[in-house]
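Take this structure, written in structure tokens, and hold onto it; I'll ask about it next.
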Amino acid sequence: MTEHAAPTSAWSRVGSLLLAGLIGVVYGAVATVGHRQSIELGEVSIPWGLVAGLLGVAALLLGIRLVAGGRWAAAAAGAGIIGIVALLSLPGPGGSVLIASGLVGTIWSVGPALIAVLVVAWPSLPQRRTPVAPAPASSGDVAAGSGSVAPL
């Protein structure tokens, strides 16, 4: 007896896409605020906030694609991240910005979009095939060592 997954309704799919987009917006906003964090080691500044943010974007989108089982939910989360990063890169009412111009700001502005494109466009792995059972022996074959005829 084989088990079939219950078909998902259109409302269920729309809800999962909206939830994935909302998760992307929240993560994008939090990572945008923290992307400028850095640590100074001597004269070298290591932007650990940028690295953590980009790794988090990749992990979030990969996780959503693997759990949701398709590209659409990962694309919705990616659109949420890209949208909020674009919105937060605009100057606020007082003229302040969260994404300052410079190398770190440019990488943060472009990096999540590139990661989203890679995750969504990456080809799906083929389904794992189950091993095929050997063909039944014909009626004239004798099983090894038993001397009996194999059943049909």
Side-chain angles (χ1 to χ4, degrees), residues 1-138 151-152:
M1 198 163 52
T2 61
E3 294 181 22
H4 296 285
T8 57
S9 70
W11 289 110
S12 173
R13 282 179 270 161
V14 168
S16 66
L17 292 177
L18 289 175
L19 181 62
L22 180 64
I23 290 171
V25 167
V26 169
Y27 182 79
V30 170
T32 297
V33 170
H35 84 279
R36 293 190 53 183
Q37 298 297 317
S38 62
I39 187 168
E40 303 291 329
L41 295 176
E43 295 181 14
V44 178
S45 176
I46 300 172
W48 68 268
L50 176 66
V51 173
L54 291 174
L55 287 174
V57 167
L60 175 69
L61 295 178
L62 281 171
I64 287 176
R65 179 160 178 193
L66 291 173
V67 170
R71 291 182 167 96
W72 286 106
I81 293 170
I82 294 166
I84 197 68
V85 167
L87 181 67
L88 294 176
S89 68
L90 299 173
S96 63
V97 292
L98 284 175
I99 302 175
S101 61
L103 182 61
V104 173
T106 302
I107 292 173
W108 180 248
S109 297
V110 175
L114 291 176
I115 292 170
V117 166
L118 287 174
V119 170
V120 172
W122 196 266
S124 297
L125 296 175
Q127 294 294 325
R128 190 173 192 158
R129 296 188 329 181
T130 57
V132 179
S138 65
L152 293 176

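As the structure is a prediction and not an experimental result, all values here were calculated from the model.
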Check: Between atom CG of Leu61 and atom CG of Leu66, what is the distance when rounded to the nearest 0.5 Å?
Finding: 11.0 Å
Checklist line | Residue pair Gly28 / Val85: nearest heavy atoms and the distance that separates them | finding: O-CG2, 4.4 Å
Next item on the list: Could you tell me whether the side chain of Ile115 reaches within less than 4.5 Å of the side chain of Ile81, counting heavy atoms only?
Entry: no
Notebook entry, point to check: To the nearest 0.5 Å, how far apart are CG in Leu19 and CD1 in Ile64?
Noted result: 8.0 Å
Notebook entry, point to check: Between atom CG of Leu18 and atom CH2 of Trp11, what is the distance when rounded to the nearest 0.5 Å?
Noted result: 9.5 Å
Item checked: Close side-chain approach of Val120 and Arg65, heavy atoms under 4.5 Å -> no
Notebook entry, point to check: Between atom CD of Gln37 and atom CG of Leu50, what is the distance when rounded to the nearest 0.5 Å?
Noted result: 11.5 Å
Check: Considering residues, nucleotides and ligands other than Arg36, do more than 12 of their heavy atoms fall under 6.0 Å from its CZ?
Finding: no
Next item on the list: List the atom of Ala113, the atom of Ile82, and the distance in Å for their closest heavy-atom pair.
Entry: CA-CD1, 3.7 Å
Item checked: Taking every non-hydrogen atom, the tightest pair across Val97 and Pro91 -> CG1-CA, 3.5 Å
Item checked: Passing candidate, side-chain contact (heavy atoms from CB on, under 4.5 Å) with His35, options Ile99, Val51, Val30, Leu98 -> Ile99
Next item on the list: Can you tell me which residue pairs pass the side-chain hydrogen bond (donor to acceptor under 3.5 Å, both in side chains) test with a partner in residues 83-102, sequence neighbours excluded?
Entry: none
Check: Which atom pair, heavy atoms only, marks the closest approach of Gly53 to Trp108?
Finding: C-CZ3, 3.7 Å
Checklist line | ring pair (Phe, Tyr, Trp, His ring centres under 6.0 Å) contacts touching residues 49-97 (sequence neighbours left out) | finding: none
Item checked: Side chain to side chain, Ser45 and Ile39, heavy atoms closer than 4.5 Å -> no
Checklist line | For Pro47 against Ser38, the heavy-atom pair lying closest together | finding: CA-CB, 3.9 Å
